[in-house]
Amino acid sequence: MDNLTLTRLLSETADLLEISGADSFRVRSYRRAADAAEQSTVDLASLANDPARLLEVPGIGKSMAANIKATVDTGSIPLRDELLAKYSAGILDLLKLPGMGPKTIALLWDAGVFLAPANTTLEPAEAAISSIDQLASAIDAGRLAGLPRMGEKQIEKLRRGIDEFRKSAGRFRIDEAEESAERVIQYLLAFPGIERVTPAGSLRRGRETCGDLDLLVTGPACEPGQTSAAIEYTAAFPGIRDIIAKGENKVSFYLANSLQVDVRLLPSRSYGAALQYFTGSKAHNVTLRQRALKVGYTLSEWALARLDDESVVASETEESIYAALGLDWMPPELRENLGEIDVAAQHKLPRLIEQSDIRGDVHMHTYATDGRNSIREMADAALARGYQYIAITDHSKNLAMTNGLNEERALEHIQHIREIDREMTGQIRVFPGIEVDILGDGELDLPDSVLAQMDVVIASIHTLFNQPREQMTERILRAIENPYVRILGHPTGRLLLRREPFALDLPSILRRAAELGVAVEHNAAPERLDLSDRDLRLAKELGCKISVNTDSHDTRHFDKIRYGIRQLRRAWLTPGDVLNTLGPDEFLAALRPHP
DNA sequence: GCCGTTTTCGGCCCGACTGTTTTCAGTCG
């Protein structure tokens, strides 16, 4: 039972409780426990028989500890099973529909919308329809009309929501969301009277995916009473597919790619409060507001104000709000309620790693294999970025598809790399390297005699990634035992939103890598970002060396480093935690020594 | 269901928008 499963079970229990009309604070405690499981770097299930340690986790009390134990023993939570027996599992999908909350589900449930239709002669495959499908057919059959709060518009909203759900269930990668945001921002800035547009929400916090886009807009056209022109202009953005809502201060719509965008117009005097509020995260804001209450203030998206006479204490900038609460300003990446507020109160926030700290990139390909540029072109592009070193790490022979290097070509390639390195003396170092493939049995596909010539040996899995978990784990553990391996490449193989990560026992791998001094790569490409912020925190806790690289196949790809950096920041990593902040000689010296 | 510098009981974050409810409930972030 991993934390992810536990998180799902706990939050499903919370959803079901809410539908059943349970006490909202009881629901909240299940959600808090789910959050705790999601964020924890320790496998909570492994502590099931150690209640004392479980109870140390904030949000876990006696009942939750018992629930966790039950999940280990039975694979589920008794309360969840009980509720699922009453409702059906598919009912949880309904919560994903816009406008559909627990109360409405309960209403529809009581009205019998989800009872199996009588007299069906459906084949079993067709009979197994989801609650969403049942809802759709209930709408079509007109069975919602006449129910309380179910007017024409409400029903139409549900119908649209179902279409939306079927078209794109899910989140958007941060780079895609960023690109969409940029288009809307450019459009908005063209309006006279709009001065500033700032993305808030998960995009500002640098999460790897975004569910929707929050854009905060300010300027003379956003002052109270003056907003109608700007609202109409916003609603006329040519990329809009459907308007969801249009009010005095807010327009919500779907873009053609189904990304939801919320544009909010704000008076400049509340800009800081709004930015703070809409940046979140929700958990961070809840804790912050509790803190405000304790000192006699109330915090909303409009201002931090005194409770007694409602006078405004701070509102124009985030800094002033945090300062009024005795806190240092916090980078958005830290605002996940993982202790940042306490640390900010002690004025001990770490100096997070920044893109400008990065002095080299040691994973990239050239047209010797599947890259698109030469060694020299890659080196020039890296130099133009201000890097002090790179490593050329083309593929090895097992990846025939990429024209991977065999022994002979690999040795030849090294000579070319060394030539370029000499040519560029005094400008940038170019290290010879290789991305060697880990075979199905954990062996590498090039002999040690070749690897011994390389400064940077990255071992990565490229094939057979569907092997069972134990086998995949064993395979990587064997590979990093090879004394020439200095970096474990894209360790989880995750391709965000396209493929599941490898099935792996990542903690065991990280632990062993730390023992051996093998660095673990954080692949910075947004479609990879293969170590989540939680994985990165674990890697740091275990004392792993971390190398952040772009795996560039093209000179233009170097810029992807920014996504990797944001993920590192979300994991509270400082320059000292990441090898690439070192200079060229120090970087090589920090890697596992050659035998 | 959790938690404690007022509390082992009695609290637990806040406001806007929507649709339909002529005064407010539900959803959302």
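Below, chains carry the letters A, B, ... as their sequence lines are ordered, and counting in each starts from 1.
- Ionic pairing of A:Arg306 and A:Asp309 is present here: one or more N-O contacts between side-chain nitrogen and carboxylate oxygen are shorter than 4.0 angstrom.
- Shown here, B:dT8 forms no base pair; nothing in the strands shown gives a Watson-Crick or G-U wobble contact with both key distances under 3.5 Å.
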A:His522 and A:Asp530: CA distance, side-chain angles, deciding distance, side chain to side chain contact (heavy atoms under 4.5 Å, CB included) verdict: CA-CA 6 Å; A:His522 181 50; A:Asp530 53 348; 4.1 Å; yes
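- Between the CZ atom of A:Arg31 and the C1' atom of B:dC12 there is a distance of 15 Å, given to the nearest Å.
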Would you tabulate the side-chain donor-acceptor contacts of residues 187-196 of chain A under 3.5 Å, counting partners in other chains and residues two or more places apart, or write 'none'?
residue  : atom : partner  : partner atom : Å
A:Tyr187 : OH   : A:Tyr233 : O            : 2.7

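- The environment of A:Glu179 atom CD is sparse: at most 12 non-hydrogen atoms of other residues, nucleotides or ligands sit within 6.0 angstrom.
- Mapping A:Leu299 and A:Ile155 onto DNA chain B via the closest heavy atom, the residue that lands nearer the 5' end is A:Leu299.
- Computed from coordinates, the A:Glu310 CD to B:dG15 P distance equals 10 Å when rounded to whole Å.
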Contact state string [nucleotides 22-29 of chain B, B base, S sugar-phosphate only, - no protein heavy atom under 4.0 Å]: ----SSSB
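- Atom CG of A:Leu10 is separated from atom P of B:dG1 by 12 Å (rounded to the nearest Å).
- Of the C1' atoms belonging to B:dT8 and B:dG4, the separation is 8 Å, rounded to the nearest Å.
- Atom name C1', nucleotides B:dA25 and B:dT20: the rounded distance is 10 Å, in whole Å.
- Heavy-atom distances to DNA chain B give each of A:Leu293 and A:Pro148 a nearest nucleotide, and the one nearer the 5′ end belongs to A:Leu293.
- Between A:Arg26 atom CZ and B:dG11 atom C1' the separation is 18 Å, expressed in whole Å.
- Rounded to an integer number of Å, the gap from CD of A:Glu248 to P of B:dT18 is 11 Å.
- When each of A:Glu333, A:Glu340, A:Glu336 is paired with A:Arg205, the salt bridge (charged side-chain N to carboxylate O under 4.0 Å, His left out) condition holds for A:Glu336 and for no other.
- In this structure, A:Lys294 reaches neither bases nor backbone, as no heavy-atom distance under 4.0 Å exists between it and the strands shown.
- Around CZ of A:Arg53, the count of heavy atoms belonging to other residues, nucleotides or ligands within 6.0 Å does not exceed 12.
- Residue A:Glu152 contributes atom CD, which lies 16 Å from atom C1' of B:dT18 at whole-angstrom precision.
- Heavy atoms only, all atoms of each residue included: A:Ile353 and A:Arg569 are closest at O-NH1, 3.0 Å.
- Using modelled atom types, one finds no donor on one side chain facing an acceptor on the other under 3.5 Å when comparing A:Arg528 with A:Thr492.
- B:dC2 sits 24 Å from B:dT6 when the P atoms are compared, rounded to a whole Å.
- Spacing between atom CG of A:Leu79 and atom P of B:dG1 amounts to 7 Å, rounded to whole angstrom units.
- For A:Leu83 against A:Thr13, the heavy-atom pair with the smallest separation is CD1-O, 4.4 Å.
- On the C1' atoms, B:dC17 is 25 Å away from B:dC12, given to the nearest whole Å.
- The CD atom of A:Gln290 sits 11 Å away from the C1' atom of B:dG11 (whole-angstrom rounding).
- Note on A:Trp302: every side-chain N or O is 4.0 Å or more away from OP1 and OP2 of B:dC14.
- Note on A:Arg537 versus A:Asp533: no salt bridge recorded, every NZ/NE/NH1/NH2 to OD/OE distance being 4.0 Å or above.
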Protein and nucleotides 2-6 of chain B: nitrogen or oxygen contacts under 3.5 angstrom:
residue : atom : partner : partner atom : Å
B:dC2   : OP1  : A:Gly61 : N            : 2.7
B:dC2   : OP1  : A:Gly61 : O            : 3.4
B:dC2   : OP1  : A:Met64 : N            : 3.1
B:dC3   : OP1  : A:Gly59 : N            : 2.8

